[in-house]
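A short worksheet on the structure shown next.
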Amino acid sequence: MARLPQEREHRMRKNDLYEIRKISDIRDMLYDCGERYAERTAYYVKDEPGGPYRSIRYKQLRSNLDGLGTSLLALGLKGKKIALIGENSYEWALTYCTVSSGVGVVVPLDRELPLSELKNLMIRSGVDAVVYSRRMEKAVLEAAGELPQLEYLIGMGAETSEGKRYSFWELVWEGERKVKNGDRSYMDTPVDPNVMSVLLFTSGTTGLAKGVMLSQKNIVSNVMNMSKYVNASGYIGLSVLPMHHTYEMTCHILTGMYWGVSIGICEGLKYIQKNMEELHPNVLLAVPAIFEAMYKKVWRQAEKSGKAKKMKKGLSMSKKLHLGQTPAARKMFKEVHEAFGGEDRLWISGGAAIDPGVIEDFRAMGFNMIQGYGMTENSPIIAVNKDFYSKPASAGLPMPGTDVRIVNADESGIGEIICKGPSVMLGYYENPEETSKVLKDGWLYTGDYGYFDKEGFLYVTGRKKNVIVTKNGKNIFPEEVEYYLNKSDYIAEVMVYGLEEENGETVVCADIFPDFAMIEAHFGETTEEELRKVLKRELDRINEQMSTYKWVRRFDVRHTEFEKTTTRKIKRHLAGHNSAEK
């Protein structure tokens with residue numbers, strides 16, 4: 001089993017890049033993988049919840065790809081749009097790869113969307129077929145009754161085909177039989193790398209969601225250029241994030257297959273640690289919320305077992321001696337490693353900014369942890385840390401082949417991040433007005449603010465649309481204030497915003513969802529008034545760590561979690577904050 005690039009750190013210099021092989025499209029990549037990694041496990045899957053993992057090899061993946069593609073072309077779906085709805089699975093990944101590289105346009109949809117939004121997105125995108133999981137069967141069949149243009153309903157869990165409803169695996173097997181009998185319709189179909197092959201809808205309500213059009217060139221350029229910074233050769237990965245997000249699909253699934261990674265399908269967020277113990281993965285991609293939850297669990301377990309003080313001393317020693325990803329650090333924190341499967345691993349955080357202290361501590365424990373930055377409109381990676389040269393607080397270095405600049409910077413060097421390169425989207429689907437707002441002379445205007453340090457590392461400070469502007473012209477990034485608030489043991493979730501008063505002054509406010517369990521553990525049962533006093537003391541303490549114009553002056557207490565996206569980000573546009581209290 002491959003180990004982390006500890007040895008690579010000693011022989012690679014900060015300006016070095018990993019050597020890569022060129023690919024023209026996803027099908028080209030998987031054909032190469034089918035030969036290069038033929039007997040290696042491509043996926044670990046479970047046939048039933050809680051059951052054992054079984055292996056699917058790369059040569060089987062190649063065969064299934066050709067089989068499904070051949071059958072979809074036989075159905076007349078060449079050049080058509082095909083919706084894809086369901087939880088993470090081998091079938092999901094296979095469908096995405098097959099449709100996008102030789103059949104038509106794949107339209108991945110968030111299975112957690114309300115039925116009305118799923119229907120509207122299928123209407124907006126003009127899909128002719130839908131591939132769905134067993135859990136989504138009821139919703140899809142209900143939607144299909146109102147969408148007569150849907151010619152084919154392909155169920156991943158369907159046992160037989162009937163009418164316009166088809167069994168996914170029957171199509172795969174029938175296609176494989178045709179291939180064996182000489183049918184090369186899918187294999188010989190040319191793939192145009194410059195046309196739309198994936199249509200991804202951004203988060204938001206149906207009316208606000210924009211369809212991001214990506215080509216094979218966009219996607220495989222991202223895969224190849226990212227691989228110049230991160231080498232995952234021979235690793236085992238655990239697929240945790242939803243595959244309909246381009247972060248998971250491009251950075252983990254596709255880039256993983258490019259390197260011959262064996263990808264295990266996680267059974268769900270609450271089974272992450274269990275599945276890690278079963279698979280012993282050594283690479284994990286996740287969002288900050290997941291890593292921060294893992295981090296808090298480590299410390300709570302340490303406190304519960306009475307080993308917190310010893311662990312703090314060990315961390316201090318590891319940082320002082322720069323033990324990092326050495327056998328000494330892994331031995332010192334052996335119990336923590338065993339809790340996550342016991343293998344050396346590479347952890348990559350993305351989707352939002354993470355507390356750099358979490359990265360620093362995990363690295364001191366012997367985990368090689370880095371973070372990156374991107375957006376769907378760039379397929380998605382714009383910048384990422386190298387696995388052998390990184391900075392915990394930074395989003396990383398601009399990806400090779402991608403020009404990243406800061407425009408309209410203020411006196412501190414903070415301005416809007418823009419980028420240009422082969423991974424920039426084709427545009428927004430049937431929305432030239434919105435496209436023209438973000439694509440200007442080939443440059444993608446991200447809507448994010450940030451700056452570079454002297455070594456060229458990028459730091460992202462927050463979203464342009466979220467910035468709070470004070471009466472004196474000061475810019476306050478809610479994400480920065482939230483970073484400090486989220487470090488509190490007594491705050492589970494928080495959203496910061498600005499509120500303009502009658503006198504024209506803008507005050508910083510916060511909606512807080514407390515960590516009720518932690519507060520009860522430290523203070524016992526509390527009344528609403530006592531709860532507010534606890535949080536007020538925390539805010540006073542935290543405010544002292546920031547400039548006075550960033551201080552949170554008002555706050556409201558929530559008793560329910562914020563509504564979130566499937567990548568665990570708070571939906572700001574849905575969070576009510578009109579009742580902030582003094």
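For this chain, numbers begin at 1 and follow the sequence in order. On a predicted model such as this, the values are computed, not experimentally measured, just so you know.
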Report task. Classify the ring geometry between Trp92 and Tyr96 as parallel (under 30°), tilted (30 to 60°) or perpendicular (over 60°). Result -> parallel
Query raised in the report: So, the side chain of Glu479 versus the backbone of Arg463: is there a donor-acceptor pair under 3.5 Å, distance only?
Result: yes
Requested in this report: Fit a plane to each ring of Tyr18 and Trp259, take the angle between them on a 0 to 90° scale, and name the class: parallel (under 30°), tilted (30 to 60°) or perpendicular (over 60°).
Outcome: perpendicular
Report summary line: Heavy atoms of Met136 and Gly86 approach each other most closely as CG-CA, 4.0 Å
Query raised in the report: Can Arg134 and Glu137 be said to form a salt bridge (Lys or Arg N to Asp or Glu O under 4.0 Å), step by step?
Result: CA-CA 5 Å; Arg134 187 186 298 275; Glu137 182 176 21; 5.5 Å; no
**Report entry** Over all atoms of both residues, closest heavy-atom pair of Ala352 and Pro288
**Finding:** O-CG, 3.2 Å
Query raised in the report: Which of parallel (below 30°), tilted (30 to 60°) and perpendicular (above 60°) describes Tyr459 and Tyr451?
Result: parallel
Requested in this report: Examine Tyr483 together with Phe477 and report whether their ring centres are nearer than 6.0 Å.
Outcome: no
Query raised in the report: Judged by atom type as modelled, is there a donor-acceptor pair below 3.5 Å linking the side chain of Glu538 to the main-chain atoms of Ser488?
Result: no
Query - Gln216 versus Ser100, closest heavy-atom pair with distance - result: NE2-O, 3.1 Å
Query raised in the report: Would you say the side-chain atoms of Asn543 pair up with the backbone N or O of Val552, donor to acceptor, closer than 3.5 Å?
Result: yes
Query - Distance-only donor-acceptor check, side chains Ser379 and Asn218, under 3.5 Å - result: no
Report summary line: Heavy-atom nearest pair, Leu238 first then Tyr53, reads CD1-OH, 4.2 Å
Requested in this report: Give a yes-or-no answer on whether the side chains of Thr41 and Ser55 include a donor-acceptor pair shorter than 3.5 Å.
Outcome: yes
**Report entry** Expected output: side-chain Ser221 to main-chain Ser423 donor-acceptor under 3.5 Å
**Finding:** no
Report task. Give a yes or no on whether the backbone of Asn231 and the side-chain of Asp387 come within a donor-acceptor separation of less than 3.5 Å. Result -> yes
Query raised in the report: When the ring planes of Trp347 and Phe367 are compared, do they come out parallel, tilted or perpendicular, using 30° and 60° as the limits?
Result: parallel
Query raised in the report: Where the side chain of Tyr247 meets the backbone of Gly350, is there a donor-acceptor pair that is under 3.5 Å apart?
Result: yes
Requested in this report: Please answer whether the main-chain N or O of Met365 pairs with a side-chain N or O of His337 as donor and acceptor at a distance below 3.5 Å.
Outcome: yes
Query raised in the report: Between the side chains of Asn88 and Ser239, does any donor sit under 3.5 Å from an acceptor?
Result: yes
Query raised in the report: Where the side chain of Gln325 meets the backbone of Arg363, is there a donor-acceptor pair that is under 3.5 Å apart?
Result: yes
Query raised in the report: Within a reach of under 6.0 Å around CZ of Arg135, are more than 12 heavy atoms found that belong to other residues, nucleotides or ligands?
Result: no
Query raised in the report: For Gln60 and Tyr90, does a side-chain donor sit closer than 3.5 Å to a side-chain acceptor?
Result: no
Query raised in the report: Would you say the ring centroid of Phe362 lies under 6.0 angstrom from that of Tyr295?
Result: yes
Report task. Quick one: closest heavy-atom pair of Met399 and Met226, and the distance? Result -> SD-N, 3.7 Å
Query raised in the report: Does Glu292 come within less than 4.0 Å of Lys296, counting only side-chain N to carboxylate O?
Result: no
Report task. Find out whether the Lys NZ or Arg CZ of Arg36 is both under 6.0 angstrom from the six-membered ring centre of Tyr258 and within 45° of the ring's axis. Result -> no
